[in-house]
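The block underneath contains the structure these notes are about, expressed in structure tokens.
We name chains A, B, ... by the order of the sequence lines, and we start the count at 1 in each one. Computed from heavy atoms alone, side chains included, the values below leave out hydrogens, waters and symmetry copies.
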Protein chains: 2
Amino acid sequence: MKNEQIVLAHRPEGIPQDDAFRYEQIDIQEPGQGELLLESVYISVDPYMRGRMYDVKSYTPPFQVDAPLEGHMVSKVVKSNVSDINEGDYVTGVLPWKKFNTVESQRVTVVPSREVPLYLYLSILGMPGMTAYQGLLQIGKPQSGETVVVSAASGAVGSVVGQIAKLKGARVVGIAGGSEKVNYITDTLEFDAAVDYKKDDFKDQLAHAVPDGVDVYFENVGGEISDEVFKHLNKFARIPVCGAISTYNDTKPDIGPRIQQTLIKNQALMQGFIVAQFEEDFKAASEQLSSWVQAGQIKAEVTIDEGFDQIPNAFRKLFTGDNFGKQVIKVASE
Amino acid sequence: MKNEQIVLAHRPEGIPQDDAFRYEQIDIQEPGQGELLLESVYISVDPYMRGRMYDVKSYTPPFQVDAPLEGHMVSKVVKSNVSDINEGDYVTGVLPWKKFNTVESQRVTVVPSREVPLYLYLSILGMPGMTAYQGLLQIGKPQSGETVVVSAASGAVGSVVGQIAKLKGARVVGIAGGSEKVNYITDTLEFDAAVDYKKDDFKDQLAHAVPDGVDVYFENVGGEISDEVFKHLNKFARIPVCGAISTYNDTKPDIGPRIQQTLIKNQALMQGFIVAQFEEDFKAASEQLSSWVQAGQIKAEVTIDEGFDQIPNAFRKLFTGDNFGKQVIKVASE
């Protein structure tokens with residue numbers, strides 16, 4: 001049994017190509033006292049990781065060149081040197097992109113239930129679901145009858161945002177690219193309307209979809225799509241700013257209409273957040289999300305690619321719009 | 001005794017020139033039941049009025065072409081047909097730019113005290129002071145030891161923002177144009193630092209003035225000045241967006257760096273507001289502001305021009321940076 005890892009070969013410009021990633025054969029480390037040996041099973045790729053490839057100060061430290069990339073994953077316990085975690089248990093955590101990780105047990109959490117598919121702990125029952133829940137409810141605060149617009153609406157976060165907003169009684173409009181995603185949003189997720197940003201008549205479609213204006217805009221994409229949404233804000237609109245994926249690979253400055261006059265005119269609030277800041281609410285939120293999932297009130301689309309060698313490609317798909325729902329990579333059997 | 005009014009002759013482009021205003025001789029209307037006849041004494045010109053000259057939906061309806069402009073003023077009661085307001089009283093309200101107004105008594109408020117100069121009811125004890133107080137304390141929420149930056153810092157709102165922030169224990173940095181204003185901010189208002197945006201080394205001055213970053217940025221100006229401040233935001237920074245005066249006369253779109261990535265990176269909040277939304281706190285706030293003024297803890301610089309014919313010119317000075325502190329026009333003796 002050999003180990004393998006993926007390191008950042010150099011800081012990429014634009015969408016990271018294969019040469020930004022380097023595969024390395026390494027040894028498996030024996031776990032010491034208080035440690036676990038874990039086999040990676042499902043690895044998550046998430047848009048925020050692109051930010052960590054730049055050498056800039058942000059809410060998470062940058063990845064180091066020649067060091068392994070890391071992200072959320074579900075792993076199987078191969079050996080345990082702690083009493084409360086057993087061989088065969090499944091755990092989640094933010095760990096290096098290795099086939100086998102040897103870590104202190106505090107770095108991971110045992111999954112609370114195996115009644116749901118394990119990969120859901122990387123989507124609706126993991127960081128993306130929690131991000132959707134906290135951003136929407138703590139900042140967006142949708143009220144019954146209000147209009148909520150969400151961009152990247154078929155994605156891991158956006159799809160959950162819209163479904164929670166529906167449960168709260170809002171009228172929900174999703175923005176996505178391509179007819180497959182647009183149909184999924186209205187037919188499967190049952191949003192009230194969906195708008196295709198790739199269509200020439202996007203602006204008209206959007207205006208038509210929000211006849212009463214926009215009370216909450218959950219921002220995932222940034223750029224010109226959002227510029228257009230901002231034209232429809234209502235008084236006291238709230239804009240949780242979760243991401244700006246359309247700009248993450250930009251090699252030029254992100255230039256567009258400044259937002260100040262729009263915010264004043266609508267007495268609107270715009271707040272950037274990362275999910276960690278709402279940590280004190282995680283326990284209650286997890287229970288709520290689990291109960292919605294188990295009752296079938298929230299659906300989670302997951303795209304599962306297979307193979308440790310597929311991780312860079314799966315990561316790229318986040319930015320090209322070629323994935324659907326939450327993107328994970330299965331790198332070992334359960 | 002003849003009456004006179006100033007109407008909007010046409011919707012101006014850029015800074016309103018004289019031809020945007022038309023003076024008209026009109027009659028004085030006798031007050032009916034429940035009405036007052038008022039003589040305008042101090043007339044206020046405020047930046048937000050520029051927005052009302054555009055024919056766009058906003059938080060206040062646009063001025064109508066050929067109708068009188070209107071704004072805050074202090075007036076003297078010439079005749080009263082109501083029991084609780086007497087001839088010789090002074091009142092404030094938002095009224096048409098006329099030498100004499102005949103209005104229902106509900107449209108005005110008797111000034112609470114004559115122990116302070118009357119024109120202060122158009123500045124620190126009026127809308128600008130209340131705007132500073134509410135925006136800073138309800139959105140900015142400065143904590144002791146934090147760094148507060150305010151733009152247009154020698155102006156009617158900015159000067160009060162900075163002084164309240166000082167009273168709350170913050171380190172306060174003002175941005176203004178020209179050495180006279182910069183010196184006023186540090187010497188008279190006792191801000192911790194002042195930065196001159198007209199200087200070539202503005203960026204360096206700013207960086208030097210905020211060694212610990214920016215926790216609250218009270219936004220009055222927009223444009224490139226603010227773009228530069230945003231580079232220094234701290235985690236959980238708050239940005240009350242009060243105005244964007246540098247852009248009010250723009251004839252081209254207001255283009256610059258989009259704000260989304262900055263807000264995410266710093267988990268920062270940006271909120272547009274107008275003072276009216278905090279109405280339920282006005283009474284308590286007025287008492288607090290009065291007590292600070294009477295104790296000499298807040299100073300209010302007022303520029304008083306004289307003559308009804310000087311109103312358009314005084315209004316223009318708001319945008320050219322030629323006024324100092326709050327700009328009012330005295331149009332009759334007290």
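Within residues 137-159 of chain B, no residue has any heavy atom closer than 4.5 Å to a heavy atom of chain A. Within residues 267-278 of chain B, the residues having any heavy atom closer than 4.5 Å to a heavy atom of chain A are B/Q267, B/A268, B/L269, B/M270, B/Q271, B/G272, B/F273, B/I274, B/Q277, listed by residue number.
Listed by chain and number, the residues in a ring pair (Phe, Tyr, Trp, His ring centres under 6.0 Å) with B/F319 are B/F315 (sequence neighbours excluded).
For chain B, the nearby part of A/I259 is the side chain; its heavy atoms alone come within less than 4.5 Å. Only the side chain of B/F236 comes within contact range of chain A, with at least one heavy atom under 4.5 Å from a heavy atom of that chain. Heavy-atom distances place no part of B/P253 under 4.5 Å from chain A, backbone and side chain included.
Of all non-hydrogen atoms in A/Q261 and B/A244, the two that sit nearest each other are CG-CB, 4.2 Å. A pairwise comparison of heavy atoms in B/Q260 and A/S226 identifies NE2-CB, 3.9 Å as the closest pair.
Considering only heavy-atom pairs separated by less than 4.5 Å from chain A, the leading option among B/I264, B/T247, B/I239, B/V56 is B/I264. Counting heavy-atom pairs closer than 4.5 Å to chain B, the top-ranked of the candidates A/N266, A/L263, A/T262 is A/L263.
Counting heavy-atom neighbours within 6.0 Å of A/H10 NE2, excluding the residue itself, gives a total above 12.
Sorted by first and then second residue, the pairs that involve residues 251-266 of chain B and meet salt bridge (charged side-chain N to carboxylate O under 4.0 Å, His left out), not counting sequence neighbours, are A/D227-B/R258, A/D254-B/R258, A/R258-B/D254.
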